[in-house]
Colleague: 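Sharing a structure below in C-alpha cells format, with a few things to ask.
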Amino acid sequence: MEGFLCPNCISRFDTARELLAHFEEQHKGETPQKAVSSLRGILDKAKKILNTDDEGSSKSTNAADNEFYDNDPNEYWRSVQACGPTRSYWEQFKVRRNHKIENCVIETNKLLIRLDKLLRETPIDPDLKKLHEKSVVEWVEDVYVNLCPQCAKTFNFSRRRHHCRLCGGIMCHNCSHFLDSNYAKQLVSPIDLETSQLMSVSSPDSPSQPGALQRRGSIISLPSIPSSSNEPQIRVCIDCKVLLDRRNQQMYEQHSRPIICQMYEMHRENVDEAHRLIEQYLQIIDSLRNAECNYKVEATHGQEVRIKLVRLGEKIDAMSRRINALGVQGDIPLNPSQRQLQSRIRAAAVNFIQQKLSGLPPIPTQAEYEKLREEKLKAQEAALNTPNDPKLVNRSSKVYSGSTSKSNQNPVLAKDGWTPEVKIKDVNLEDMDPMLIQINQIKEFIDLARKANKYDEASMLEANLRELEIEYMMQSIPVNGDVGR
Amino acid sequence: MHLIESIKHYINLMVQETGVGMKCLLMDKETTSIVSMAYSQTEMLDKEVYLFERIDRISSCDHMKYLKCIVFLRPTKENIDLLIQELRNPKFGQYHIYFSNIISNSDIMTLAESDEHESVRDVQEFYSDFIAVSPTLFSVNVTNGSFRGNKWNPSALQRSLDGIIGVLLSLQKYPNIRYQASSDACRKLADEVNHLINKEHSLFANCSQNWPNDSPAPLLLVLDRKIDAFTPLLNQWTYQAMLHELLTINNNRINLSNIQGISKDMREVVVSAEQDDFYSKNMYKNFGEIGINIKILMEDFQDKTKSQKKVETISDMKDFIEQYPQFKKMSGTVSKHVLLISELSRLVAAHNLMDVSEAEQEMACQSEHSKSLKKVRQLLEDSRVQNIDKLRLVMLYALRFENNSNQEIAELKKILKSKGIPEEQIKSIQSLLNYAGFKSQNQTQTDLLSTVNEVFKKRIIKGLKGIENIYTQHTPILREIIEDLARGRLKVNNFPYLTEDRSQGTEKPTDIIIFMVGGTTYEEALHVDALNRSLPGVRIILGSTCIHNLASFLDELSYTSSRTGF
C-alpha cells in the first residue's frame with residue numbers, strides 16, 4: 001500500500017481512514033456532496049480489497065473497550081456517542097438578509113455623501129446656502145404635499161413646509177430633526193482612534209436617544225428646536241435621522257472596546273497558558289510515576305513548571321479580582337447584568353485555581369521514584385511470565401491510568417507490557433526490527449528535546465513514539481503467541 | 001446511545017462555533033432545562049459562558065455589545081416572535097442561533113428580515129429537543145396532561161413528536177416503528193413520527209448510512225401509560241424513585257424549602273448522576289442499601305475531617321491544600337445526601353409507609369381479595385397514614401378488584417370521605433377506572449396482566465435502623481415488554497409495525513427506544529437500566545411525556561377526565 005492523496009489539497013495520507021477523516025474535516029462543504037460520496041465509495045472498495053489491518057485493529061480495540069466498560073454500559077456508550085447531525089441555514093439567512101438591508105445600506109451611503117457636501121461646501125450667505133442645499137438633493141415641490149407625512153396635519157400659514165436637507169422630503173417644523181455639526185462631522189469623518197474614543201463618550205447618550213424615542217411613534221419632538229448657539233444645524237427628517245443614527249451606532253460598536261474586554265483577554269491568555277502548563281506538568285508526573293526517565297532531569301523540569309504555574313495562578317487571581325472590581329467605585333452604577341458578568345468571571349477564575357491549580361499532585365521524591373521503579377520491574381517480570389493474557393495487561397494499565405488522563409490509556413498499556421523486550425533486544429542492534437530502531441531513535445530525540453527545553457517537540461515525538469509502540473505491539477502479538485504455545 | 005452525552009456534544013459545539021470570548025447563553029424555559037440537565041453552571045463558566053438569560057424575561061435596558069450571544073431555543077412561534085424583537089433591537093454584539101429542532105424555512109426568512117443590524121453570525125439546527133434525565137431516560141416535561149378523554153392533548157402531541165424526533169436525530173437512528181394497538185393515541189403519535197421522518201428524509205438518510213447492513217434496524221416502540229396504571233400508584237423503595245415520590249424531583253432538582261430549619265444553601269438541591277458520584281452509584285439502590293452506603297460515606301468523610309484537623313507541619317499544610325477541593329466537594333455531597341436520607345426516613349416512619357407499601361405490593365402482585373381488603377380497611381383507620389396514601393390504597397384496590405363480585409369500592413369511598421378527603425380526589429378513583437380499568441381496555445390489557453411476575457420475594461436487608469424488609473416484588477409490565485421485544489417475541493397483533501415495508505416482525509432489535517405516552521416512572525427507568533446491564537448487546541432508551549409520582553399522576557387523571565365529564 002503506497003498511501004492516498006487528497007484530491008483537494010494533494011496532501012498525502014497513509015491509510016484510507018486517515019484520508020477520509022482529513023477530507024471530512026478539512027474539505028467539508030468545499031465540494032458538492034456527489035464528489036464526497038463517490039470518493040467514499042472508492043475508499044470503501046479500496047478498504048475491502050486491501051482488507052487493511054487497521055480494520056482488524058479497530059475491531060480488537062472495540063472488544064477491549066467493551067471489556068473496559070463491562071461494569072457500566074453507560075460509560076461505554078458515552079465513549080462511543082458521537083455528536084449528532086446539524087443543519088445550517090446560514091447561507092439562506094445571509095442571502096435573505098442582504099437582500100433586505102441592501103436598500104438600507106445604499107440609502108445610508110447616499111445620505112453620507114450628501115451630508116459631506118453640505119458640511120464642506122455650504123456658503124454662509126443664506127440665499128447661496130439654500131441654492132447649494134438644493135443642488136445637493138432635489139427638493140420636493142411644495143404643491144405635491146398638503147399634509148405633513150409624519151403627523152398628518154395640514155400645512156398653512158403657521159405650520160409651514162420644511163425640507164429635509166438630506167432627502168429633500170417635506171415635513172412640518174415639529175417633525176423636523178436637527179443634526180448638530182459636531183455629530184454630522186463625526187458621521188462623515190473616517191474613524192480614527194481619537195474620534196472613536198470621543199464617540200464612546202458621547203454616542204450612547206445624547207445624539208441617538210432622541211431618534212430612538214421618535215421611532216417609537218411619539219409625535220411631539222421637543223428637543224429638536226434649533227438652539228440659538230452659533231453652531232449651524234442641519235434640518236433632517238426622521239427617516240434619514242434613523243438611518244444615520246444606526247450607522248453611528250454600528251461604527252461605535254465596531255470601534256469601541258471597553259476596558260473589560262482588554263482585561264478579559266489578558267486574563268484568558270493566562271488561563272490558557274495555565275491549561276497548557278498543567279497538561280505538561282501532568283505528563284511529567286506521569287512519566288515520573290511510570291519510572292521511565294531520568295529522575296533528575298524530569299524532576300527539575302517539573303519543579304520549574306510548577307513554579308510557573310504558581311505565578312500564573314497569582315496572575316489569574318489578581319486579574320480576575322480587577323475585573324470583578326471594575327466600575328464598582330464609579331459614579332454611574334453598573335447595570336445588574338454587567339455586575340453579574342464580572343462576578344461570574346471572578347467565580348470561574350477562583351474555581352479554576354481551586355480545582356485545577358491547587359489540586360495538582362506533588363512531584364514524587366527520589367525515594368518514591370526508586371520504589372516505583374522497583375515495583376514496575378516486578379510487574380514487568382510478572383507480565384513477561386504471562387505475556388498473552390490481554391486482560392492482565394489491560395488491568396494493570398487501568399491501575400496506572402487512574403491518575404493519568406484518559407487519552408493516555410493505550411500508550412501506557414504499550415509501555416507497560418512490552419518495553420522489557422525492547423531492552424533485551426537492545427543488545428544486538430544488527431538483527432533488530434526496523435521498527436525498534438525507529439523507536440529507540442525517537443526515544444533519544446525525546447531526551448535531547450527535553451534537555452533543550454523544547455517541550456512541544458518532545459510531546460509530539462512522544463505521540464509518535466506511542467503510535468509506533470502500539471503498532472509494534474500489534475505486530476508482535478502473533479509471534480509471542482507462538483512462543484507461548 | 002447516551003442521551004446526556006449527545007446533548008453535551010451539541011452544547012460544546014455551540015460554544016466552539018461561537019468562538020472565544022465572553023459569552024451569554026440566551027434560552028427559553030425548556031432549553032434551560034435541557035442545558036441544566038447536562039452541565040452545571042460551573043461547567044458552563046469554564047466554557048466562557050458567563051451569563052444566562054431567558055428570552056421571555058430578557059431585560060430591555062442592558063446593552064452589552066461586547067458579549068457574544070449563543071441563542072439556544074426551541075423553534076416555537078412564541079420564541080421566534082421574541083427573537084425577532086430581540087434582533088430588531090439587539091443587546092449583544094453577535095448572535096449565534098441554534099434551534100433545538102427542525103425549523104420552517106419561512107421562520108428563517110422572517111428572522112433574516114428582522115436582522116437589520118446584521119448581528120446574526122450563524123443559524124443552525126441542533127437536534128436536542130428533549131430533556132435528558134439520565135443516559136437512558138428522557139422526558140419532554142408535559143405538565144398539563146397528555147390526554148383529553150381518549151384524545152391527545154394537541155400541545156402534548158406536538159411536544160412528544162418534537163422530543164422523539166430530537167432523540168432519533170441526535171442518536172442518529174432511523175427506526176422501524178411499532179405501537180400499542182389498543183391505544184389510538186399511540187397510533188396517532190407513531191403516524192406523526194413516521195410522517196415527519198419521511199418528510200425530512202434527507203436528515204434521516206444519513207442515519208441509516210452509518211448503520212451496518214447486517215445488524216437489525218433500531219426500533220421505536222410507542223406505548224400508552226394505560227397499559228400499566230399500577231406502577232405510578234405504588235410507593236417506591238429505591239433512592240431516586242423514593243425521592244421523587246416523597247419529595248418530588250423536578251429536572252433533577254429537589255425543593256426542600258418546606259423542611260423546617262433548613263440551611264439556606266440546601267433549600268434546593270441537585271441530584272444529578274452526571275455530577276454526583278454517590279448519587280450515580282446509588283440512585284437505583286434500595287433504601288436499605290443506601291442506608292449502609294451513606295454510613296460508609298460518612299465514616300470516610302469523618303476520617304478525612306480528622307486527618308485534616310491536625311495540620312502541624314508544612315507538609316501537612318501542603319497536603320491539606322492539595323486535598324481541599326475534593327474535601328469541600330465531598331462535604332457538600334455528604335451533607336446533601338445525609339439530609340435527603342434522613343428526611344426520607346422521617347417520612348417513612350411518620351406515615352407508616354412500610355405497612356402501606358406492603359399492602360400495595362400485595363395488591364399489585366397477588367389477588368387475595370379478602371386479605372387485601374382487610375389490610376386496606378385497617379390502614380384507612382390508621383391515623384399515621386397520610387390521606388394521599390389512603391387514596392392511593394383505595395385506587396389500587398379499585399383497579400385490582402374492579403371485577404371482583406365482592407368488591408367494596410363504594411364502601412371504601414365512603415370511608416375516605418369520612419376521613420375528610422375532598423370529593424374531587426375521591427372522584428379520581430372513578431377517573432382511574434375510566435382511564436385504565438378493565439372496562440376501558442380490550443384484550444391486550446388482560447393478556448399482559450397475566451404475564452405480570454407474581455413471584456413474591458421478600459428481601460431482608462439489614463442496615464439503617466427501622467428498615468428490615470423492603471417490598472420491591474412488583475415488576476412493571478414494561479420490563480416484560482422489553483424482554484419480549486429483545487428476544488423477538490413481542491406479539492405483532494398487540495404491537496404492530498407501522499412501517500411494514502421495512503421489516504418482517506421476528507427480528508431482534510438491539511437499539512430500542514421506548515416512548516410512553518402519559519408519563520413514565522423512575523421505577524420503570526430503574527428496570528430499563530437493569531435490562532441495559534443484563535441484556536448483552538442491547539441498548540434501551542426510555543422516554544415519556546413526563547415522569548410521574550402519585551401526585552402528578554393524579555393531575556394527569558384529572559386532565560384526562562376534564563373533557564369527558566367524569
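To find a chain, count down the sequence lines: A is the first, B the second, and so on, and within it residues start at 1. Predicted model, so just to flag it, every value in this text is computed and none were measured.
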Colleague: Filter on salt bridge (Lys or Arg N to Asp or Glu O under 4.0 Å), then keep only pairs touching residues 337-354 of chain A, sequence neighbours left out; what's left?
Modeller: A/Asp317-A/Arg346

Colleague: Grab the two heavy atoms, one from A/Thr86 and one from B/Leu13, that are nearest each other, plus how far apart they are.
Modeller: CG2-CD2, 3.9 Å

Colleague: Atom CG of B/Leu111 and atom OH of A/Tyr89: how far apart are they, to the nearest 0.5 Å?
Modeller: 11.5 Å

Colleague: Write out, in numerical order, the residues from residues 102-109 of chain B with a heavy atom short of 4.5 Å from a heavy atom in chain A.
Modeller: B/Ile102, B/Ile103, B/Asn105, B/Ile108, B/Met109

Colleague: Heavy-atom pairs under 4.5 Å with chain A: which of B/Thr136, B/Val120, B/Thr42 has the most?
Modeller: B/Val120

Colleague: Can you name the nearest heavy-atom pair linking B/Asn532 to A/Pro73, along with the distance?
Modeller: O-CG, 3.9 Å

Colleague: Enter the distance from B/Leu171:CG to A/Trp77:CH2 here, rounded to the nearest 0.5 Å.
Modeller: 10.0 Å

Colleague: Between B/Val20 and chain A, with a heavy-atom cut-off of 4.5 Å, which part of the residue counts as in contact: side chain, backbone, both or neither?
Modeller: neither

Colleague: Taking atom CZ of B/Arg121 and atom NZ of A/Lys94, what is their separation to the nearest 0.5 Å?
Modeller: 10.5 Å

Colleague: At a heavy-atom separation under 4.5 Å, does A/Leu341 approach chain B through its side chain, its backbone, both, or neither?
Modeller: both

Colleague: So with a 6.0 Å cut-off around NE2 of A/His99, is the heavy-atom count from everything else above 12?
Modeller: no

Colleague: One thing to verify: whether A/Arg246 and B/Glu116 come together as a salt bridge, which I'm taking to mean a side-chain N less than 4.0 angstrom from a carboxylate O.
Modeller: yes

Colleague: Can you say whether B/Glu43 sits under 4.5 Å from chain A via the side chain, the backbone, both, or neither, judging by heavy atoms?
Modeller: neither

Colleague: Can you give me the closest heavy-atom contact between B/Ser202 and A/Arg87, atom names plus distance?
Modeller: OG-NH1, 4.3 Å

Colleague: State the CG-OG distance between B/Leu67 and A/Ser337, to the nearest 0.5 angstrom.
Modeller: 9.0 Å

Colleague: Is it the backbone or the side chain of B/Glu118 that comes under 4.5 Å from a heavy atom of chain A, or both, or neither?
Modeller: both

Colleague: Going from CD on B/Glu17 to CH2 on A/Trp90, what distance comes out if it is rounded to the nearest 0.5 angstrom?
Modeller: 12.0 Å

Colleague: Among the options B/Phe99, B/Tyr10, B/Tyr98, pick out the one with the most heavy-atom pairs lying under 4.5 Å from chain A.
Modeller: B/Tyr10

Colleague: Quick check for you: among B/Asn12, B/Leu3, B/Leu45, which has the greatest number of heavy-atom pairs under 4.5 Å with chain A?
Modeller: B/Leu45

Colleague: Select all residues of residues 262-274 of chain A having any heavy atom within less than 4.5 Å of some heavy atom of chain B, and report them by number, or 'none'.
Modeller: A/Tyr264, A/Arg268

Colleague: Do you know the tightest heavy-atom contact between B/Tyr66 and A/Cys261?
Modeller: CB-SG, 3.3 Å

Colleague: Kindly write out the residues that satisfy side chain to side chain donor-acceptor pair (under 3.5 Å) with B/Asp46, not counting sequence neighbours, or none if the list is empty.
Modeller: none

Colleague: A/Pro85 and B/Tyr127: which non-hydrogen atoms are nearest, and at how many Å?
Modeller: O-CD1, 3.2 Å

Colleague: When you look at NZ of B/Lys47, are more than 12 heavy atoms from neighbouring residues, nucleotides or ligands closer to it than 6.0 Å?
Modeller: yes

Colleague: Which answer fits B/Ser119, side chain, backbone, both or neither, if we ask what part of it has an atom under 4.5 Å from a heavy atom of chain A?
Modeller: backbone

Colleague: Which of the residues A/Cys83, A/Ala348, A/Ser343 is involved in the greatest number of heavy-atom pairs with chain B at under 4.5 angstrom?
Modeller: A/Cys83

Colleague: Where on A/Ala349 is there a heavy atom nearer than 4.5 Å to chain B: the side chain, the backbone, both, or neither?
Modeller: neither

Colleague: Quick one: do A/Lys100 and B/Glu113 make a salt bridge, cutoff under 4.0 Å?
Modeller: no

Colleague: Under 3.5 Å, is there a donor-acceptor pair between the side chain of B/Glu5 and the main chain of A/Gln81?
Modeller: no

Colleague: Hey, does B/Arg533 have a side-chain heavy atom less than 4.5 Å from the side chain of A/Asn74?
Modeller: yes

Colleague: CD/A/Glu75 to OG/B/Ser280 distance, rounded to the nearest 0.5 angstrom?
Modeller: 8.0 Å

